[in-house]
2 protein chains.
Amino acid sequence: MSVATVSRTLAGNYPVSTETRARVMAAVEALHYVVNVHAKALSGRVAGPVALVIKDITGPSLAHVAAGVEQEAADRGRLSLVCATHDDPAREDDLVQLMREQHAAAVVLVGGAVQDEAYRRRMAEYATALDAAGSRLVLVGRPPLPGDLPVTVVEYDNRGGAFQATDHLLTAGHQHVLFLSGAPGLSTSEQRGDGFRHALRAHGVAYQEELDLPGPYTRLSGYQRTKQALAAGLAFTAVFAGTDMVATGALAALREAGLDVPGDVSIVGFDDVPFAADLSPALTTVRVPYEDLGRTAVRLALEREERIGGDDHVVLSTQLVIRQSVRALP
Amino acid sequence: MSVATVSRTLAGNYPVSTETRARVMAAVEALHYVVNVHAKALSGRVAGPVALVIKDITGPSLAHVAAGVEQEAADRGRLSLVCATHDDPAREDDLVQLMREQHAAAVVLVGGAVQDEAYRRRMAEYATALDAAGSRLVLVGRPPLPGDLPVTVVEYDNRGGAFQATDHLLTAGHQHVLFLSGAPGLSTSEQRGDGFRHALRAHGVAYQEELDLPGPYTRLSGYQRTKQALAAGLAFTAVFAGTDMVATGALAALREAGLDVPGDVSIVGFDDVPFAADLSPALTTVRVPYEDLGRTAVRLALEREERIGGDDHVVLSTQLVIRQSVRALP
DNA sequence: ATGATCTCAGTAAACGGTTACTCCCTCTTT
DNA sequence: AAAGAGGGAGTAACCGTTTACTGAGATCAT
């Protein structure tokens with residue numbers, strides 16, 4: 001019994017007599033044999049894994065992207081590698097290099113990013129380096145790159161979501177909306193800010209710069225910025241928080257100040273994290289299809305690899321989820 | 001310039017002249033060369049990845065285990081594979097097989113499990129199969145297996161946590177505690193139930209079976225079971241929820257029934273998920289060191305592989321976090 | 001000057017599979 | 001009965017690295 005026979009028996013792509021097959025199977029069973037992926041990858045082709053590169057896996061929304069990626073990858077017979085960068089570009093560089101070595105089918109980068117020149121240069125490099133290695137760079141939740149690069153981009157409608165959220169507040173009669181925006185330069189910040197200002201214009205409400213407080217998308221920052229706004233005596237009857245985490249912090253600050261939500265102040269978030277409905281009041285927010293984002297990213301990359309085509313740029317829509325944190329002004 | 005020279009230059013473990021090194025580096029640069037892990041793994045040794053096998057990545061607590069695993073693995077130069085089973089044993093079988101093929105250094109199985117005979121048989125098989133492939137099975141959040149198997153177990157103190165939680169309620173004067181326990185047979189359920197009953201005994205309070213409502217650890221189930229308890233007219237002044245998700249559901253049901261928490265009913269959860277502090281009232285709960293669980297799992301498995309030793313069984317402690325959801329009875 | 005030593009590059013044998021190619025044996029077909 | 005067909009097994013090349021071994025030239029000691 002030669003190795004070739006064993007290989008063919010296990011692959012099942014070549015005629016093998018029933019008796020031989022049985023003997024092979026018995027041996028496999030007895031020896032607890034499993035093929036060596038590395039050896040297999042060296043000769044016959046092996047489906048490369050999908051890599052997910054993310055700032056931090058524990059974020060309630062990012063975890064859903066991860067789940068989407070994992071599911072779609074698993075459905076297509078791929079393994080998922082997940083790596084956290086903790087926002088360290090050097091680590092990101094290392095990971096991209098690693099993924100080339102690993103022959104990953106797709107490298108999915110998730111999360112907003114500051115769109116400066118350095119960033120664009122890095123991404124361009126990643127895209128071409130990965131492409132040369134037969135891998136595909138996928139950007140999720142970030143705008144496309146300028147120029148003609150081998151990249152797949154899966155975005156969601158930040159601008160539209162922010163517009164809807166703001167419109168909802170303005171329609172309820174709120175004229176002074178505290179906008180807890182994101183870090184300046186961050187793509188999601190900018191886009192949500194755009195949507196916010198667009199809605200103001202559409203309603204003929206002036207944009208008040210002093211009501212636009214930028215900061216990181218964290219609970220703590222939401223809390224601090226709201227406290228600060230209150231302390232500064234800013235006049236507002238509603239808050240549009242850049243994310244649900246920020247909204248959560250704002251909620252805590254408002255409550256501490258003895259203000260009722262939505263009685264005294266209305267609030268809208270962004271993301272629709274799982275516990276948004278469990279806050280009190282249940283948070284009105286913009287749903288982002290996080291899981292879909294992950295699935296789509298993998299689907300597009302793999303379809304392209306399998307030459308079925310596959311788009312290079314998709315924008316998923318967001319949707320306002322109305323709960324109890326907004327009340328109309330009399 | 002032979003391949004050997006290139007290999008040695010890149011490895012840096014053999015004398016290479018400065019001039020040759022420069023030529024090699026230039027070529028590497030120009031061709032965007034990266035080593036092929038598969039080929040490397042076939043000859044020289046390569047550090048195997050760590051595999052995380054989990055029911056579902058999106059759970060707020062499980063995501064932290066994943067983060068812990070990823071971090072510890074990354075710190076030790078390993079890649080992390082994450083796979084969801086969605087509670088399908090067949091999928092789990094496949095994954096263990098896959099991980100043997102992948103030469104994973106460790107396979108970490110996370111989450112409580114129903115400890116029946118079939119389960120024990122499966123785990124015993126996984127343990128020996130992985131061990132034979134040079135891989136280590138690590139069970140996280142589950143009790144050890146009977147017999148002498150090659151397994152590493154990282155548990156946390158469910159019993160002690162449940163004891164503390166219950167003790168806290170009883171000390172506050174609550175005599176009738178609705179216990180929203182977990183699915184019967186599930187290891188975490190059983191252990192938390194043990195701790196609960198132990199605390200009752202310690203306080204000389206009778207265990208009332210009708211106040212022990214088992215069910216899945218989901219928000220929906222917590223909501224339904226609480227509603228049902230209320231509808232049945234059960235007398236209780238406090239709720240001990242098996243998990244924070246269950247507590248969240250219970251909170252919603254109590255609020256709907258017009259009951260104030262903690263004014264009318266006190267409540268304690270289990271897990272200390274990130275948003276527990278943001279519920280109103282902020283949830284008193286038992287903190288489980290999820291991230292540590294993940295880190296420890298990887299650490300033990302890899303230390304053992306590197307022959308530094310490494311324990312085979314560790315129990316991490318839990319801790320009651322007192323917030324605002326419990327009030328003492330007058 | 002000559003052998004010993006050292007430095008550094010090349011050769012070739014693994015590593016564990018897959019697969020094109022070869023070849024033998026049996027079963028048909030005429 | 002001889003030739004052809006086809007099933008089923010073995011042989012060997014190849015995938016991309018690493019590394020023990022070989023050996024050529026330079027340097028050094030005697």
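Note on naming: letters A, B, ... go to the chains in the order of the sequence lines (proteins, then strands), and numbering restarts at 1 for each one.
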D:dT17 phosphate, OP1 or OP2: any side-chain N/O from B:Y33 under 4.0 angstrom? yes
Assign each of A:N36 and B:A4 to its nearest nucleotide of DNA chain C by heavy atoms, then name whichever residue's nucleotide is nearer the 5' end. B:A4
For A:E125, I'd like to know if atom CD has over 12 heavy atoms of other residues, nucleotides or ligands within 6.0 Å. no
Taking any atom under 4.0 angstrom from a heavy atom of chain A, which nucleotides of DNA chain C are the first and last to qualify, 5' to 3'? C:dG16 to C:dC21
Indicate whether OP1 or OP2 belonging to D:dT18 is found under 4.0 Å from a side-chain N or O atom of B:N13. no
Please name the pair of heavy atoms, one in A:A297 and one in A:V154, separated by the smallest distance, quoted to 0.1 Å. CA-CG2, 3.8 Å
Contact class for B:S17 vs. all strands (heavy atom < 4.0 Å): base, sugar-phosphate, or nothing? sugar-phosphate
Side-chain ion pair, A:E306 and A:R78, N-O less than 4.0 Å: yes
Using heavy-atom distances to pick each residue's nearest nucleotide on DNA chain C, tell me which of B:V3 and A:V6 is more 5'. B:V3
If you take atom types as modelled and just measure distance, does the side chain of B:S43 reach the base of D:dT18 with a donor-acceptor pair under 3.5 Å? no
Could you check how far OH of A:Y14 sits from P of D:dG10, rounded to whole Å? 11 Å
Specify the separation, in whole Å, of atom CZ of A:R8 and atom C1' of D:dA9. 7 Å
Sugar-phosphate only, base, or nothing, as touched by A:T5 at under 4.0 Å among non-hydrogen atoms: sugar-phosphate
Under 4.0 Å, counting only non-hydrogen atoms across every strand here, what does B:V35 touch: a base, just sugar-phosphate, or nothing? sugar-phosphate
Let me know which of A:L137, A:T85, A:V151 forms a side chain to side chain contact (heavy atoms under 4.5 Å, CB included) with A:L109. A:L137
Answer yes or no: is there a donor N or O on one side and an acceptor on the other, between the side chain of B:D311 and the main chain of B:V314, under 3.5 Å? no
Sugar-phosphate only, base, or nothing, as touched by B:V34 at under 4.0 Å among non-hydrogen atoms: sugar-phosphate
Would you call A:R136 and A:D312 a salt bridge, taking side-chain N to carboxylate O under 4.0 Å as the test? yes
Which whole-number value in Å describes the distance from B:H38 NE2 to D:dG16 C1'? 11 Å
Whole Å only: how far is the CD atom of B:E19 from the C1' atom of D:dA26? 16 Å
Under the 3.5 angstrom rule, does the side chain of A:H32 hit a backbone N or O of A:V28 as a donor-acceptor pair? no
